[in-house]
Amino acid sequence: MSITVEINGEARRLEGPLSVAALLHLLDLPREKVALERNREIVPRSFYDTVMIEGGDRLEIVHFIGGG
Amino acid sequence: MSITVEINGEARRLEGPLSVAALLHLLDLPREKVALERNREIVPRSFYDTVMIEGGDRLEIVHFIGGG
Amino acid sequence: MSITVEINGEARRLEGPLSVAALLHLLDLPREKVALERNREIVPRSFYDTVMIEGGDRLEIVHFIGGG
Amino acid sequence: MSITVEINGEARRLEGPLSVAALLHLLDLPREKVALERNREIVPRSFYDTVMIEGGDRLEIVHFIGGG
Amino acid sequence: MGVEVSAVEQDENVSHDSWEIAGRKFSSRLIIGTGKYKDYQQNADAAVAAGAEIVTVAVRRVNLSDPNSPMLIDYIDPKKYVFLPNTAGCFTGEDAVRTLRLAREAGGWDLVKLEVLGDEKTLYPNMPETLRAAELLIKDGFQVMVYCSDDPIMAKRLEEIGCCAIMPLAAPIGSGLGVQNPINIRLIIEQANVPVLVDAGVGTASDAAIAMELGCDGVLMNTAIAEAKNPILMAEAMRHAVIAGRQAYLAGRMPKRLYADPSSPLAGLI
Amino acid sequence: MGVEVSAVEQDENVSHDSWEIAGRKFSSRLIIGTGKYKDYQQNADAAVAAGAEIVTVAVRRVNLSDPNSPMLIDYIDPKKYVFLPNTAGCFTGEDAVRTLRLAREAGGWDLVKLEVLGDEKTLYPNMPETLRAAELLIKDGFQVMVYCSDDPIMAKRLEEIGCCAIMPLAAPIGSGLGVQNPINIRLIIEQANVPVLVDAGVGTASDAAIAMELGCDGVLMNTAIAEAKNPILMAEAMRHAVIAGRQAYLAGRMPKRLYADPSSPLAGLI
Amino acid sequence: MGVEVSAVEQDENVSHDSWEIAGRKFSSRLIIGTGKYKDYQQNADAAVAAGAEIVTVAVRRVNLSDPNSPMLIDYIDPKKYVFLPNTAGCFTGEDAVRTLRLAREAGGWDLVKLEVLGDEKTLYPNMPETLRAAELLIKDGFQVMVYCSDDPIMAKRLEEIGCCAIMPLAAPIGSGLGVQNPINIRLIIEQANVPVLVDAGVGTASDAAIAMELGCDGVLMNTAIAEAKNPILMAEAMRHAVIAGRQAYLAGRMPKRLYADPSSPLAGLI
Amino acid sequence: MGVEVSAVEQDENVSHDSWEIAGRKFSSRLIIGTGKYKDYQQNADAAVAAGAEIVTVAVRRVNLSDPNSPMLIDYIDPKKYVFLPNTAGCFTGEDAVRTLRLAREAGGWDLVKLEVLGDEKTLYPNMPETLRAAELLIKDGFQVMVYCSDDPIMAKRLEEIGCCAIMPLAAPIGSGLGVQNPINIRLIIEQANVPVLVDAGVGTASDAAIAMELGCDGVLMNTAIAEAKNPILMAEAMRHAVIAGRQAYLAGRMPKRLYADPSSPLAGLI
């Protein structure tokens, strides 16, 4: 069953259901190097396997970059 | 009948009843050069003759002085 | 008889004999607004009529201009 | 035979004849740490043994001290 | 202004170089304080020498024990000078509002100088409290000229809430150190749509000229004049300095060069 | 000056604040150059706006090909202004002496400005050559105002050999950078028994005020006025700036403080 | 420190001159940013040359289109350097809090640099909003190092609400103009009971030394290193400059004199 | 230098950044005086802390009444440090030459520092006399490092007659005021083909860094170290400051900007 979510401001179709961990794997993002916000709520890294992405979710995935 | 009021922070005995105008006259203060506050309320100059001082009144009488 | 002189660095043929005064007149220069040097010697204004220009003379004629 | 010389501006009686080397020894000054001028002429260190002090000599004996 | 104008016309232009605050027009850009003078007579003489049209005044309790002691307004005529009541000494918005309401009653003027201090060592303004006090005063119908830090962001806020003049400090009050941060003053001027006056910190004539060359609409000072050895002469110096700085700003200064450039032509040398 | 004098008397005092050079008295302390202006008319207007009494002029060959081209003295009247012939462009004492002898013949004045340059990039003076030229000129009967470096030792030498005014540079000619080394200018002023004028380097009004506040007797400038966007207005700015700096110097500035000092009394607060 | 100590002992003292922030001890007083470098390798080399122990980092969205693009932490090891997440680009307290919560999750650190901007032209802080954001963050358990204006009154407020370091700007971010208002920086340092670091505006080595000579506990810079022609060498220059300024502050500079004072004794001249 | 070099290579480069004077190579660019210290031991410790390779020394009469009083060379070893005899206290060329001939005999070195003073209040050099003395010394086979004013024209002359190093003053000897006229120092450096060292006037670390950032080859100081509360620590501060200024000069500083420029990217904000 496919769902639509918004990631970093862009809409995306995904094959659900899938966990945050699965999403990061899908996106090829190393879980230990990013932080993720789901519908304005931070998802602690320890919950990546259990928290499931749902249709309509608005996700922010960030990391550290160079800055002053 | 004598009353006690506080003027500019100092207690004073006065022979009442008397108006603001009378008080200023008593204090030898030119009414057009000062402003007066009675119990935290400004008394407009036009009311000096009608507003009566009462026992326990707290009065502030100010004027302009040099300042930066 | 014509002579050659140098005025302000440029060679000039003149019909001589002529005085400094005559030269200034010829050049259309107001005598009271300039100063003149003949062969490195200043010619005082009072001598303009009597001092004669000779062939080979090197003359400098200057005036005041704007300067800081 | 005693002679009088001036050393660094002060008059001194000495038992002559004596060499520069002898004088420095007498003054308890290490020859390798000073320079000496005799009557406005520098005496090279190598001549200390041969150059003799004479009456009336004016000597300057200097060394290095702290300075900016 | 075209560069063809003759000196005479020029003087015209300059004599016409006025500024407005709260609907009033002024030709003098020098506002002076009235504190620290030997006496009110010297103060009045200084005001004349400075060519001032506005003077700041403080509001204080009358001296009951000696009601006949000399009064400021007997020396400096409120009909000749615009009195600008300040809130010097106030540390809260409430104190400031209360003080200025009394001032309005005493003088009948609604043009005031707001000054809410942050501490006694620096006499720097408490900016959040200043902002709050300004809002109270404006709601109460005052025209607020506001003493503030040289922080352009706060200056903008003060303008947005309706202050009629922004008066950043050049240096601590009474320090005489001159404009410490010309960059901030410049930024405040560039963004402002109301008059900007440098308030506090000027020490000598060139300090005032420098402030005006930055594009200020005016300068407010007290100690620099009152504590000069000869206050009257310094007042006159300040009058000239403010005019000089203003005219230099309007005239547009020459560019700076790292090397020399001759003033006399090199051609025609003998 | 006592501090009791009223503003009126004060103005008297100030209007009486004149200075002397070579036996002549002047009330204006601003000397302007006559180079770099759009035309002689603008130059003349600037002289009026500056209130100048002395102008520097250069000596150059007449233009033989066009003898009727406009002449400086048709716009700036030598009867109204003291012409101060300079030796701008001279690199040796001989050139300078020769140039000024011609100037003396042309104008009949023995008051001159000596300027012997060291190189074209800085237009700084060649001081040993300047010293030599000054000696030649003084022996020849000239009154020598001398453009020099800000080296107090050389300034002293120039005074000792008889120069009638010492004119150290504030910054490179035409640079507009202002007084670079106030310490040296101050040292030169402290030791001098003849007038000291800052010559060259002033860029805007405050620069002139700063020079005067150091105690200079006057300021000489050209580019700062001629290259302003509006030279006439800048000339007027400079007039005010020189007066402001002079008066501030005479008035005696307030001491600088590291902390604040209130202008309004703390007593009597409601 | 007694002046008898030998140079060797001295070095000891200096190597022991560390500072603390939020319970952590640091010997380097130079914090560097990680923006504007040619690449992360250059950035890492600069961090080594600077001897930095703390680096500021930004929090941004990952690049979904290219997940394998180089990542900062692959070049600068969070185990070797303390990462100081900042809120650069945030204009409200909410944005700042949200950004730093993500940073805390990503890195697990609660030591952060708060930066709430007032406008894009100056990048000056919005101080009231900064104050509000700091309160939110502190309530949420963060250790807040706060970028602020050089207003001592606001700096005091920030310390009172619990910020662990005060970081006033020296000049606009990326301007390289150096400390614009040493008086304010000095006042902030005098009153502070937490570390004070100058943040932003340093342009070259002497700027950093001047900041440290005022008594700062440290300096934070980015552009001065990243935009130097040779960033690695400039990083090393800054390391030395910060040490130099710190040691000069501790050593206690000589008094300034208006006149000369000989270094060599006058006695014993031949 | 390419910007690609890693920090390690960079250190190499820097450790190789040496300068030459009179055929000798030095890696330290800080020359220190040996006057005004509490005692020679402190002096020696300061030399170590400063990392100095050259020290200036004075030549004076031996103390006949106490020949065993401590001697400089018992504390600072002429085999470890290059002694640079100066002529401090000399007011004529003859005195200078006589003093340095004695120095040459005493130490056997022909590298000397010439200093011919103009007056005792400023301790500024008498430049014409300095020029004359330099010529005498060079004819006599000395290698002359010359203390001079910051007049670029005179500096050029000194180089032309063969001085091996130009040492303009930053400010009066012992004043601690720092570089007064960076423009002149810059002009002297731009035109010089021999080393230029700032001599005299440095007060604290940033002053030394500023001098080096102008492009000087080195700095000579005495009072700034000797009169610091902790001379040893200040000596170390100066070592770092000179390195910092030198590296910043080589690294090429960022351009100055009138407005802000963000260090963190604006893209990718959440």
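Predicted model, so just to flag it, every value in this text is computed and none were measured. Note on naming: letters A, B, ... go to the chains in the order of the sequence lines (proteins, then strands), and numbering restarts at 1 for each one. The basis for the numbers below is simple: all heavy atoms, side chains too, and nothing from hydrogens, waters or symmetry mates.
The two residues F:A248 and E:T204 have their closest heavy-atom pair at CB-OG1, 3.6 Å. Looking at every heavy atom in both residues, E:S264 comes nearest to F:A88 through OG-CB, 3.2 Å. Heavy-atom minimum distance, E:P255 versus F:E227: CD-OE1, 4.3 Å. Considering all non-hydrogen atoms of both residues, E:M254 and F:V202 come closest at SD-O, 4.1 Å. Taking every heavy atom of both residues into account, F:A241 and E:A244 meet most closely at N-CB, 3.5 Å.
Counting heavy-atom pairs under 4.5 Å between each of F:A237, F:C90, F:P265, F:A224 and chain E puts F:A237 at the top. Counting heavy-atom pairs under 4.5 Å between each of E:G89, E:P262, E:G33 and chain F puts E:P262 at the top. In terms of heavy-atom pairs under 4.5 angstrom with chain F, the leader among E:E120, E:M212, E:K121, E:Q41 is E:K121. By number of non-hydrogen pairs under 4.5 angstrom with chain F, the leading residue of E:A171, E:G203, E:A44, E:G201 is E:G203. With respect to chain E, the highest number of heavy-atom pairs below 4.5 Å among F:A226, F:A235, F:A47, F:G174 belongs to F:G174. Comparing E:P172, E:G176, E:A209, E:G35 by heavy-atom pairs within less than 4.5 Å of chain F, the highest count is held by E:G176. Among the candidates F:T34, F:I270, F:I210, the residue making the largest number of heavy-atom pairs closer than 4.5 Å to chain E is F:I270. Ranked by heavy-atom pairs under 4.5 Å with chain F, the first of E:R98, E:E115, E:E213 is E:E213.
Here NE2 of E:H240 is found 8.0 Å from CZ of F:R239. Values are rounded to the nearest 0.5 Å. Taken to the nearest 0.5 Å, the CZ atom of F:R257 stands 12.0 Å off from the CD1 atom of E:I173.
F:A267 touches chain E through its backbone: at least one of N, CA, C or O sits under 4.5 Å from a heavy atom, while the side chain does not. In this structure, chain F has a heavy atom under 4.5 Å from the side chain of E:A58, while its backbone stays farther away. Proximity to chain E (any heavy atom under 4.5 Å) is shown, for F:T223, by both the backbone and the side chain. Neither the backbone nor the side chain of F:L117 comes within less than 4.5 Å of any heavy atom of chain E. With a threshold of 4.5 angstrom between heavy atoms, E:S263 approaches chain F through its backbone and through its side chain. Residue E:L102 touches chain F through its side chain alone, counting heavy-atom pairs closer than 4.5 Å. Of the two parts of E:N86, only the side chain, counted from C-beta on, holds a non-hydrogen atom closer than 4.5 Å to a non-hydrogen atom of chain F. Contacts between F:T56 and chain E at a heavy-atom distance below 4.5 Å are absent for every atom of the residue.
In terms of the salt bridge (charged side-chain N to carboxylate O under 4.0 Å, His left out) criterion, E:D119 has no residue partners (sequence neighbours excluded).
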